[in-house]
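Just so it is clear, the values below take in all heavy atoms, side chains as well, and ignore hydrogens, waters and symmetry mates.
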Amino acid sequence: MSQTPLDQQAIDAEIAELAERPEPEVPGRRPAPGHPDRAYAPYRSTLLRHPHHPLIAVKPDPDTVELSGPVFGPTDVTDLDADLTRQHQGEPLGERITVSGRVLDREGRPVRGQLVEVWQANASGRYAHQRDQHPAPLDPNFTGVGRCLTDTEGRYGFTTIRPGAYPWLNHVNAWRPAHLHFSVFGTAFAQRLVTQMYFPGDPLFPYDPILQSVTDPRARERLVAAYDPGLSEPEFSLGYRWDIVLDGPAATWTEGEQP
């Protein structure tokens, strides 16, 4: 007997049910509130890919793992890396935006000299990646990847194109809100954190299992950028401000938090 495909109504019911449950207290989880469990049923692939066995401690010296790890890249980080609209011969299609903010620790102090990376879909909602085959046009003048280093105030900045929403196969007629993927490195590759930034007022927010897996409303709000006219460039781009807090009670949600 064939199984009835999951539709948005079924996913909405699961999200609503889980939102009513108290968040479980997990000893040693840091930071605890607002970070979703690895197995969040409405986000179907988490049931298949999250770890089912205890983590393995690296002994005797965890630092030795980093000695053979990958490096950031073969070239220095330049200003061109942070402007995703100037990496090809022509102008990319779409609405130009400027995204800037600060990387902070739990005390609000700037985290200086950190590598910040972004990757995203184009204005039509398609990634320049061979596994993305949905029928939206690719943009020959937009690859959708960038990087920069935080300055002495912990500030980063990117010029890019506002991404489009795109379909994914979590359930029937599932669409992801527009978002940018961010990663922040510490002093080594093994300290990488990955998260997502969203745009204010997106009507897809309530229907997205990935965003809704962050069950604390305040934590979800911290994933949404704020429009900032001070960051807009006249006749060129709209400005958005988004800070990344690495730890503490106001930490930005990151993918792969350890329970």
Side-chain angles (χ1 to χ4, degrees), residues 29-35 62-63 65-66 69-73 75-87 96-120 144-163 179-200 211 214 216-234 236-258:
R29 185 174 180 175
R30 189 180 68 85
H35 287 264
D63 291 340
V65 176
E66 298 171 358
V71 295
F72 293 148
T75 60
D76 293 334
V77 179
T78 68
D79 291 341
L80 186 62
D81 293 321
D83 190 341
L84 284 67
T85 69
R86 295 193 298 120
Q87 296 173 349
R96 284 189 295 258
I97 60 173
T98 301
V99 179
S100 184
R102 301 176 71 199
V103 180
L104 306 168
D105 68 13
R106 65 185 300 143
E107 303 297 335
R109 296 172 297 204
V111 182
R112 305 178 178 91
Q114 302 302 292
L115 181 69
V116 181
E117 295 180 326
V118 294
W119 64 98
Q120 62 170 99
V145 295
R147 61 181 183 168
C148 70
L149 296 172
T150 58
D151 63 16
T152 56
E153 296 299 318
R155 192 169 304 281
Y156 72 87
F158 293 99
T159 300
T160 185
I161 297 296
R162 178 164 176 153
H179 60 278
L180 303 181
H181 297 269
F182 274 76
S183 80
V184 180
F185 287 89
T187 57
F189 189 87
Q191 297 172 350
R192 187 187 192 202
L193 297 175
V194 177
T195 187
Q196 299 181 19
M197 185 208 87
Y198 299 86
F199 294 87
L211 182 59
V214 183
D216 182 352
R218 293 168 299 179
R220 282 202 304 272
E221 290 172 4
R222 292 194 290 270
L223 296 175
V224 181
Y227 170 67
D228 188 339
L231 294 175
S232 298
E233 297 186 32
F236 184 78
S237 70
L238 292 175
Y240 292 90
R241 174 176 42 80
W242 190 61
D243 293 339
I244 301 172
V245 182
L246 296 183
D247 61 359
T252 303
W253 171 79
T254 56
E255 300 173 15
E257 281 293 325
Q258 300 297 334

TODO: Supply the atom-to-atom distance Arg155 CZ to Arg102 CZ, rounded to the nearest 0.5 angstrom.
DONE: 5.5 Å
TODO: Might you point out which heavy atoms bring Ser232 and Gly239 nearest each other, and give the distance in Å?
DONE: OG-N, 2.8 Å
Open item on the list: Please enumerate all residues that pass salt bridge (charged side-chain N to carboxylate O under 4.0 Å, His left out) together with Asp81, with sequence neighbours excluded.
Closed with: Arg147
TODO: Look up atom CE in Met197 and atom CZ in Phe182, then write down how far apart they are to the nearest 0.5 Å.
DONE: 5.5 Å
- [ ] Can you measure from CD (Glu221) to CG (Leu223) and round to the nearest 0.5 angstrom?
- [x] 10.0 Å
Open item on the list: Is the shortest side-chain heavy-atom distance between Val118 and Val145 below 4.5 Å?
Closed with: no
Open item on the list: Could you report the tightest heavy-atom contact between Ala219 and Val214, atom names first, then the distance?
Closed with: CB-CG1, 3.6 Å
TODO: Would you check if there is a donor-acceptor pair between the side chains of Thr150 and Gln114 at a distance under 3.5 Å?
DONE: no
Task: NZ/NE/NH1/NH2 to OD/OE distance under 4.0 Å, Glu233 and Arg96 - done: no
Task: Distance, nearest 0.5 Å, that separates CG of Leu246 from CG of Asp105 - done: 7.5 Å
TODO: Indicate the atoms forming the closest heavy-atom contact of Gln87 with Leu80, along with that distance.
DONE: NE2-O, 3.5 Å
Open item on the list: For a quick test of reading the model, state the closest non-hydrogen atom pair linking Arg86 to Asp79 and the distance between them.
Closed with: NH2-O, 4.3 Å
Task: Within 45° cone and under 6.0 Å: Arg162 NZ/CZ vs Phe199 ring - done: yes
- [ ] Could you tell me the separation between the CG atom of Leu149 and the CG atom of Asp76, rounded to the nearest 0.5 Å?
- [x] 9.0 Å
Task: Exam field: side chain Trp242 to backbone Tyr198, donor-acceptor pair closer than 3.5 Å - done: no
Open item on the list: Would the distance check show the side chain of Thr160 and the main-chain N or O of Leu84 forming a donor-acceptor pair, the cut-off being under 3.5 Å?
Closed with: no
Open item on the list: Assess, by modelled atom type and distance only, whether the side chains of Thr159 and Thr85 contain a donor and an acceptor separated by less than 3.5 Å.
Closed with: no
Task: Contacts of Arg220 that satisfy salt bridge (charged side-chain N to carboxylate O under 4.0 Å, His left out) - sequence neighbours left out - done: none
- [ ] Drop me the distance from Thr195's OG1 to His179's NE2, to the nearest 0.5 angstrom.
- [x] 10.5 Å
- [ ] Identify the two heavy atoms, one from Gly146 and one from Phe158, that lie closest to each other, and give their separation to 0.1 Å.
- [x] C-CE2, 3.8 Å
Task: Verdict with reasoning, Glu117 to His181, per side chain to side chain contact (heavy atoms under 4.5 Å, CB included) - done: CA-CA 8 Å; Glu117 295 180 326; His181 297 269; over 6 Å; no
Open item on the list: For a 4.5 angstrom cut-off between non-hydrogen side-chain atoms, does Leu180 reach Pro163?
Closed with: yes
- [ ] Output yes when a side-chain donor or acceptor of Thr252 lies under 3.5 Å from a complementary backbone atom of Val245, and no otherwise.
- [x] yes
Open item on the list: I'd like to know if the side chain of Gln120 and the backbone of Ile161 have a donor-acceptor N/O pair within less than 3.5 Å.
Closed with: yes
Task: Heavy-atom closest contact (Tyr240 atom, Ala225 atom, distance) - done: CB-CB, 4.1 Å
TODO: Not counting sequence neighbours, which residues clear salt bridge (charged side-chain N to carboxylate O under 4.0 Å, His left out) with Arg218? List them please.
DONE: Asp216
